[in-house]
Peer 1: 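Questions regarding the structure given below will be posed in turn.
Any value given below was found using the heavy atoms of this structure, including those in side chains, with hydrogens, waters and symmetry copies removed. Note that the structure is predicted; figures quoted are calculated from it, not measured. Lettering follows sequence order; numbering is per chain, from 1.
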There are 2 protein chains.
Amino acid sequence: MLSPLIQKLGIRFRLSDHDRTALQQVNGRIVSVGAHQDLIEEGEASDHVTFIRSGFACRYRILPDGERAIIAYLVPGDACDLYAPLLGRMDHAVATLTRCDVAVVSRQDLGMLTSDHPSIADALHVSDLVDEAISREWLVSMGRRSAEKQIAHLLCELLARLQVVGLATSDSYEFPITQADLADASGLSVVHTNRVLQTLRAEGLVVLRHKNLFIPNLNRLHAFAGFDTNYLHLPPTSNHPARMQFKSDPVRLQ
Amino acid sequence: MLSPLIQKLGIRFRLSDHDRTALQQVNGRIVSVGAHQDLIEEGEASDHVTFIRSGFACRYRILPDGERAIIAYLVPGDACDLYAPLLGRMDHAVATLTRCDVAVVSRQDLGMLTSDHPSIADALHVSDLVDEAISREWLVSMGRRSAEKQIAHLLCELLARLQVVGLATSDSYEFPITQADLADASGLSVVHTNRVLQTLRAEGLVVLRHKNLFIPNLNRLHAFAGFDTNYLHLPPTSNHPARMQFKSDPVRLQ
DNA sequence: CGACTAATTGAGCCCACTCAACACTTGTGG
DNA sequence: CCACAAGTGTTGAGTGGGCTCAATTAGTCG
């Protein structure tokens with residue numbers, strides 16, 4: 001039911017076998033949702049929690065002029081509305097970007113789980129704090145990185161996050177996100193997003209084909225984007241095979 | 001010691017007199033810090049928590065090219081590093097923007113306080129969730145609002161946040177933040193920040209003089225910025241005298 | 001008063017936007 | 001299985017918001 005979540009929690013927080021078993025036995029219902037469907041609407045206050053099991057989703061807001069701003073990407077293992085009741089109502093919406101399987105768990109069940117297993121509560125809290133760090137990093141990107149570096153940075157982030165849940169190899173992952181959805185997450189226009197991607201491809205920083213992203217030289221992409229995994233708070237022991245590559249010259253555009 | 005914090009917690013969460021007394025009796029030391037000084041450095045892992053008692057501070061990151069990105073403004077009542085130990089080390093730094101008084105409390109004392117008073121722990125958690133919502137709103141601003149609207153929005157947000165801790169009237173507050181610090185928080189250049197402020201003044205949306213901000217017509221500014229307090233999760237009963245004003249025509253630039 | 005910091009102004013440029021057309025994919029129903 | 005529609009990606013041309021560089025004018029504070 002919650003397998004990618006368990007994987008994610010286990011990476012940043014020590015869980016006992018007892019905790020794991022409890023997590024594995026959580027019951028809820030699995031729902032399959034098509035691409036570009038709302039999972040949670042703004043203003044909602046539901047009595048269940050939604051987790052992404054497969055596919056990509058996003059948090060977003062619609063502005064008065066109809067523009068959409070994507071505030072976060074959600075990948076398998078991410079919760080959509082974990083602490084929503086503490087705040088009362090959702091101040092933003094959540095929608096799928098691709099076809100998704102989501103797990104819907106009752107808040108009551110989850111509450112019992114976390115009170116019986118305080119370390120699960122802590123682990124969930126930690127992963128929320130990481131989400132917060134990710135928001136901050138997006139702010140850094142939007143504020144002070146060029147469009148090219150911003151998107152490169154995002155692609156690095158997704159690689160790391162997908163590796164955590166076993167959905168990426170050391171240098172590639174499935175990337176079914178639309179350029180329009182990338183644009184709304186980067187604060188760019190669709191046209192410019194397209195051109196930025198072309199530049200990254202032309203520089204040989206990424207190979208993007210058939211909804212699949214391959215990174216020929218991760219060190220080079222990291223150096224270009226100014227990417228530093230610190231903010232994701234992954235354990236140092238985590239295996240990052242790509243880190244073993246030779247260091248290469250930094251890339252400069254123009 | 002923590003009076004603005006107590007005010008802030010009390011607004012969004014019901015605290016018993018018992019809780020309040022406990023909060024009032026927290027001890028720690030008060031430190032006075034000059035403007036533009038680091039309070040917490042990136043990578044730090046300290047055994048105490050720092051709260052802003054007076055003045056403005058910010059969270060920030062420095063990029064490889066030396067640029068600074070301000071990720072959040074901190075006002076009196078805000079915590080600098082509440083959950084830092086859960087994540088291990090700080091992934092960003094905190095610095096003052098003006099002269100500040102900060103309260104430094106040992107984590108051990110705070111831990112005892114929250115385990116004796118679970119509702120204080122919840123209240124702190126809620127205010128962290130609001131900080132998260134603020135980050136998301138900043139992302140919306142940077143991504144999809146014009147420079148004018150972005151800064152107008154920020155000024156609306158500060159009004160609301162300062163009202164919570166009694167540092168703003170219904171339509172004005174002390175605004176000692178430098179244009180350079182505003183620029184780094186908005187992702188704009190200093191020069192353009194200056195011009196944006198001039199536009200807002202020329203439109204009569206704000207009066208900014210002698211480090212003091214006055215908003216002649218809050219509804220007008222709200223409408224212009226597309227500002228909606230929802231994301232701050234203030235109680236509906238909160239007194240917002242300015243809301244009683246007449247509705248006025250929306251402002252359009254150019 | 002002098003030294004520094006902060007705010008302002010001008011000029012020229014470029015990154016990113018808009019509008020608009022076109023090509024390629026994907027999916028669906030006849 | 002094809003035809004068409006819708007969605008997605010790509011390209012060109014022209015514009016403008018926001019940038020940089022550089023200099024000047026306030027403020028602030030010892």
Side-chain angles (χ1 to χ4, degrees), chain A residues 34-37 56 63 65-70 95-99 141-152 174-203 206-213 252-254, chain B residues 34-37 56 63 65-70 95-99 141-152 174-203 206-213 252-254:
Chain A
H36 293 114
Q37 303 295 314
F56 288 80
L63 299 196
D65 60 3
E67 291 239 67
R68 181 181 63 157
I70 290 182
T96 60
L97 295 175
T98 66
R99 160 169 294 288
S141 275
M142 305 207 73
R144 289 285 180 244
R145 283 196 250 260
S146 67
E148 281 79 10
K149 293 187 176 184
Q150 181 183 359
I151 291 198
E174 209 193 323
F175 185 74
I177 293 176
T178 277
Q179 291 185 4
D181 291 334
L182 243 189
D184 280 347
S186 317
L188 304 173
S189 69
V190 188
V191 173
H192 196 53
T193 301
N194 177 280
R195 286 176 172 139
V196 166
L197 284 174
Q198 287 180 52
T199 308
L200 295 180
R201 283 189 283 218
E203 292 291 334
V206 302
V207 178
L208 184 48
R209 257 195 326 233
H210 309 309
K211 299 189 180 299
N212 230 289
L213 185 85
R252 294 189 197 289
L253 296 183
Q254 43 138 328
Chain B
H36 294 112
Q37 302 295 314
F56 288 80
L63 298 195
D65 61 3
E67 291 239 68
R68 180 181 63 157
I70 289 181
T96 60
L97 294 175
T98 67
R99 160 168 294 288
S141 276
M142 304 207 69
R144 289 286 180 243
R145 283 196 249 260
S146 68
E148 282 78 11
K149 293 188 176 185
Q150 182 184 358
I151 290 198
E174 209 194 322
F175 185 74
I177 293 177
T178 277
Q179 291 185 3
D181 292 334
L182 243 189
D184 281 346
S186 315
L188 305 173
S189 69
V190 187
V191 172
H192 198 237
T193 301
N194 178 281
R195 287 177 171 137
V196 166
L197 284 174
Q198 286 180 53
T199 308
L200 295 180
R201 283 189 285 218
E203 293 291 335
V206 302
V207 178
L208 183 48
R209 257 193 329 230
H210 309 309
K211 299 189 177 300
N212 229 288
L213 185 86
R252 296 191 196 288
L253 294 183
Q254 44 137 326

Peer 1: dC15(C) C1' sits how many Å from R144(A) CZ, rounded?
Peer 2: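 Going from CZ in R144(A) over to C1' in dC15(C) covers 15 Å.
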Peer 1: Using whole Å, report how far CG of L188(B) lies from C1' of dT20(D).
Peer 2: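 That distance rounds to 14 Å.
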Peer 1: Going by side-chain hydrogen bond (donor to acceptor under 3.5 Å, both in side chains), name the residues that satisfy it together with Q150(B), two or more places apart in sequence or in a different chain.
Peer 2: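 Listed in chain order: nothing, the list is empty.
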Peer 1: If only atom types and distance count, is the side chain of T96(B) paired as donor or acceptor with the main-chain N or O of H36(B) below 3.5 Å?
Peer 2: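 Judged by distance alone, yes, a pair lies under 3.5 Å.
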Peer 1: How far apart are the closest heavy atoms of S189(A) and T193(A), and which atoms are they?
Peer 2: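 For S189(A) and T193(A), the tightest heavy-atom pair comes out as O-OG1, 2.8 Å.
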Peer 1: Between dA26(D) atom P and H210(B) atom NE2, what is the distance in whole Å?
Peer 2: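 Rounded to the whole Å, the gap is 14 Å.
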Peer 1: Which residues satisfy the side chain to side chain contact (heavy atoms under 4.5 Å, CB included) test with R201(B), sequence neighbours excluded?
Peer 2: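 R201(B) satisfies side chain to side chain contact (heavy atoms under 4.5 Å, CB included) with L197(B), Q198(B), V206(B), L208(B) once adjacent residues are dropped.
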Peer 1: Can you give me the bend angle of the helix from dC1(C)-dG30(D) to dG30(C)-dC1(D)? Use the axis through the first five pairs and the one through the last five, nearest 10 degrees.
Peer 2: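 End-to-end axis angle: 50°.
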Peer 1: Could you tell me how far apart H192(A) (NE2) and dC15(C) (C1') are, to the nearest whole angstrom?
Peer 2: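 Those two atoms, NE2 and C1', are 6 Å apart.
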Peer 1: Rounded to whole angstroms, how far apart are CD on E148(A) and P on dC15(C)?
Peer 2: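 Rounded to whole Å, this separation is 9 Å.
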Peer 1: Using whole Å, what does the distance between atom P of nucleotide dT8(C) and atom CZ of R209(B) come to?
Peer 2: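 These atoms are roughly 13 Å apart.
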Peer 1: Could you list the residues that satisfy salt bridge (charged side-chain N to carboxylate O under 4.0 Å, His left out) with R195(A), not counting sequence neighbours?
Peer 2: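 Residues passing salt bridge (charged side-chain N to carboxylate O under 4.0 Å, His left out) with R195(A): none at all.
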Peer 1: Can you find a side-chain donor-acceptor pair between N194(B) and Q179(B) that sits under 3.5 Å?
Peer 2: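 Note: N194(B) and Q179(B) side chains meet the donor-acceptor criterion.
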Peer 1: Rounded to whole angstrom units, what separation is found between the CD1 atom of I151(B) and the C1' atom of dG17(D)?
Peer 2: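 From I151(B) CD1 to dG17(D) C1': 14 Å.
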Peer 1: Please report, rounded to the nearest Å, how far the P atom of dA6(C) is from the CG atom of D184(B).
Peer 2: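 Distance check: D184(B) CG to dA6(C) P gives 12 Å.
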Peer 1: Test of understanding: with side chain to side chain contact (heavy atoms under 4.5 Å, CB included), list the residues that count as partners of T98(A), not counting sequence neighbours.
Peer 2: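 If we apply the side chain to side chain contact (heavy atoms under 4.5 Å, CB included) test to T98(A), skipping adjacent residues, the hits are F56(A), C100(A), P176(A).
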Peer 1: For E148(B) and S146(B), indicate whether the former's side chain and the latter's backbone hold a donor-acceptor pair under 3.5 Å.
Peer 2: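 Not a single qualifying donor-acceptor pair exists.
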Peer 1: Not counting sequence neighbours, list each pair that qualifies as a salt bridge (Lys or Arg N to Asp or Glu O under 4.0 Å) and has a residue in residues 178-191 of chain B.
Peer 2: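 Listed once each, the pairs are R144(A)-D184(B), R68(B)-D181(B), R68(B)-D184(B).
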Peer 1: How would nucleotides 6-15 of chain D be written as a contact map, 5' to 3', with B for base contact, S for sugar-phosphate-only contact and - for no contact, using protein heavy atoms under 4.0 Å?
Peer 2: --SSBBBB--
